[in-house]
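In what follows, a structure is listed as structure tokens, so that the remarks can point back to it.
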Amino acid sequence: MNNKIQQAIKLGKLSNLHDIIDKLPKKQQKQIEERARYIKIAISVRQLRKQLKLTQQELAKKLHKKREFISKVESGKQNITLKTLYQIAEATNKEIVFQFK
């Protein structure tokens, strides 16, 4: 975390996200964590597409999907399967690397 953000938290000008989430009911915490998983994948797919200078339409065509599907994936609204991730990797000549932390 950057020093300015840490200072703002210490001064009470900002709240630490984890402190806020920890105060929520467990059910809401779980929903947030689940949604965050989709958002992380969504961000990765969008970054890859942009890095390769592809439009959503161009990526969709490579995957034999509709552009709307790519839009939903990139917004975190589409539950993306492992199969689809491998299709994206193949279509973009990339390799998927999974990590457990």
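In what follows, every heavy atom counts, from backbone to side chain, and hydrogens, waters and symmetry copies are set aside.
Distance OG/S71 to NZ/K66: 13.5 Å, rounded to 0.5 Å. Going from atom CD1 of I41 over to atom OG1 of T84 covers 11.5 Å, rounded to the nearest 0.5 Å. The CD atom of Q28 sits 6.5 Å away from atom CD of Q31, with the distance rounded to the nearest 0.5 Å. In this structure, the separation between CD1 on I39 and CD on E34 is 11.5 Å, given to the nearest 0.5 Å. Note that OG1 of T81 is 7.5 Å distant from CG of N79, once rounded to the nearest 0.5 Å.
Under the 3.5 Å distance criterion, the side-chain polar atoms of Q56 are left unmatched by any main-chain donor or acceptor of E68. Judged by distance alone, with hydrogens and angles left aside, the side-chain atoms of R35 form a donor-acceptor pair with the main-chain N or O of G76 at under 3.5 Å. With hydrogens and angles ignored, the 3.5 Å screen pairs no side-chain donor or acceptor of Q47 with any backbone N or O of S44.
Contact check for L52 versus E58: no side-chain heavy atoms found under the 4.5 Å cut-off. Between K26 and Q29, the closest side-chain pair of non-hydrogen atoms falls below 4.5 Å. Between L54 and L48, the closest side-chain pair of non-hydrogen atoms is not below 4.5 Å. Proximity of E90 to Q87: side-chain heavy atoms (C-beta onward) are nowhere separated by under 4.5 Å.
Closest non-hydrogen pair, L63 versus A91, comes out as CD2-CB, 3.8 Å. Residue I96 comes nearest to Y86 through the heavy atom pair CD1-N, 3.6 Å, listed as atom of the first residue, atom of the second, then distance.
Within the cation-pi definition used here (under 6.0 Å to the ring centroid, within 45° of the axis), K65 qualifies as a partner of F69.
A continuous path of hydrophobic side-chain contacts links L82 to I70 [ILVMFWY only; heavy atoms under 4.5 Å]. Under the 4.5 Å side-chain heavy-atom criterion for Ile, Leu, Val, Met, Phe, Trp and Tyr, Y38 and L85 are members of distinct hydrophobic clusters.
For CZ of F98, the number of neighbouring non-hydrogen atoms (other residues, nucleotides, ligands) closer than 6.0 Å is greater than 12.
Side chain to side chain, Q57 and R67 fail the donor-acceptor criterion of an N or O pair below 3.5 Å.
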Intermediate values then yes/no, side chain to side chain contact (heavy atoms under 4.5 Å, CB included), L59 and T92: CA-CA 8 Å; L59 181 56; T92 58; 4.0 Å; yes
